[in-house]
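Below is one structure, written out as structure tokens, with a few remarks after it.
These numbers were taken from a predicted model, which means no experiment stands behind them. What's counted below: heavy atoms across the whole structure, side chains too, no hydrogens, waters or symmetry copies.
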Amino acid sequence: QVQLVESGGGSVQAGGSLSLSCAVSEYTISRYCMGWFRQAPGKEREGVATIDTGDDTTTYADSVKGRFTISRDHAKGTLYLQMNSLKAEDTAMYYCAAYPAIARFCSLHRGLYYDWGQGTQVTVSS
């Protein structure tokens, strides 16, 4: 099991940027799928981006492509989400999550992830 703690949320005006971090406890296996999810009030939790710790392959939701970047620093045990050109519709609670990678590619299907952080709030004002 991987323990995850998010930080870096806050409030920003539309068009601005925020960077989220997720502190990751010791990996117990060699390859994980690490992801960022978000949940707005009254909406389902949706996948934003994922990264494969085996080869750093990334996948993004269409709604954030070209604006968000997921990355990780294995030495620091940290997962990042750089968010640029933020929009009001990006307002949500953001969560990092993980699951042991088995398939060739990582998925943004939330049902596959069973290690979750507590979340950090991002608010974008228009």
Counting distance only, does the side-chain N/O of [X] pair as donor-acceptor with the main-chain N or O of [Y] below 3.5 Å?
{"X": "T78", "Y": "A23", "result": "no"}
{"X": "T120", "Y": "G9", "result": "yes"}
{"X": "S85", "Y": "R67", "result": "no"}
{"X": "E6", "Y": "G119", "result": "yes"}
{"X": "Y99", "Y": "M34", "result": "no"}
{"X": "R72", "Y": "I51", "result": "no"}

Which value, rounded to the nearest 0.5 Å, describes the distance between [X] atom [atom1] and [Y] atom [atom2]?
{"X": "Q39", "Y": "Y94", "atom1": "CD", "atom2": "OH", "result": "12.0 Å"}
{"X": "D52", "Y": "R104", "atom1": "CG", "atom2": "CZ", "result": "11.0 Å"}
{"X": "Q3", "Y": "Q118", "atom1": "CD", "atom2": "CD", "result": "11.5 Å"}
{"X": "S107", "Y": "I102", "atom1": "OG", "atom2": "CD1", "result": "12.0 Å"}
{"X": "L86", "Y": "S11", "atom1": "CG", "atom2": "OG", "result": "11.0 Å"}

Does the side chain of [X] reach to within under 4.5 Å of the side chain of [Y], using non-hydrogen atoms?
{"X": "E46", "Y": "L108", "answer": "no"}
{"X": "T58", "Y": "T50", "answer": "no"}
{"X": "F37", "Y": "V48", "answer": "no"}
{"X": "Y113", "Y": "C33", "answer": "yes"}
{"X": "L81", "Y": "F68", "answer": "yes"}
{"X": "W36", "Y": "L20", "answer": "yes"}
{"X": "V122", "Y": "T91", "answer": "no"}
{"X": "V2", "Y": "V24", "answer": "yes"}

Heavy atoms only: give me the nearest [X]-[Y] pair and the separation to one decimal.
{"X": "L4", "Y": "C22", "answer": "CB-SG, 3.8 Å"}
{"X": "A88", "Y": "S126", "answer": "CB-CB, 4.2 Å"}
{"X": "T59", "Y": "C106", "answer": "OG1-O, 4.3 Å"}
{"X": "G47", "Y": "A61", "answer": "O-CB, 3.4 Å"}
{"X": "G10", "Y": "L18", "answer": "O-CD1, 3.8 Å"}
{"X": "R31", "Y": "G54", "answer": "CG-N, 3.9 Å"}

Inset, instruction - May I ask you to say whether D90 pairs ionically with R38, meaning some side-chain N is under 4.0 Å from a carboxylate O? - result: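 Salt bridge between D90 and R38, a charged N being under 4.0 Å from a carboxylate O: yes.
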
Legend entry - Cationic N near anionic O, under 4.0 Å, R110 to E44: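 Here R110 pairs with E44 in a salt bridge, since their nearest N and O are under 4.0 Å apart.
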
Inset, instruction - Please test K65 against D62 for salt bridge (charged side-chain N to carboxylate O under 4.0 Å, His left out), starting from the C-alpha separation and ending with a verdict. - result: CA-CA 5 Å; K65 280 182 182 177; D62 288 343; 3.1 Å; yes

Inset, instruction - Check whether L112 and Y32 end up in the same hydrophobic cluster, where Ile, Leu, Val, Met, Phe, Trp and Tyr are linked by side-chain heavy atoms less than 4.5 Å apart. - result: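 Unlinked, L112 and Y32 end up in two clusters.
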
Legend entry - Joint hydrophobic cluster, Y80 plus M93, side-chain heavy atoms closer than 4.5 Å: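 Result: no, two separate clusters.
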
Inset, instruction - Indicate whether the side chain of S17 and that of N84 have a donor and an acceptor atom separated by less than 3.5 Å. - result: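 Per modelled atom types, S17 and N84 side chains form a pair under 3.5 Å.
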
Inset, instruction - May I ask you to decide if the ring planes of W116 and Y95 are parallel, tilted or perpendicular, using 30° and 60° as cut-offs? - result: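 If you compare the ring of W116 with that of Y95, the planes turn out perpendicular.
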
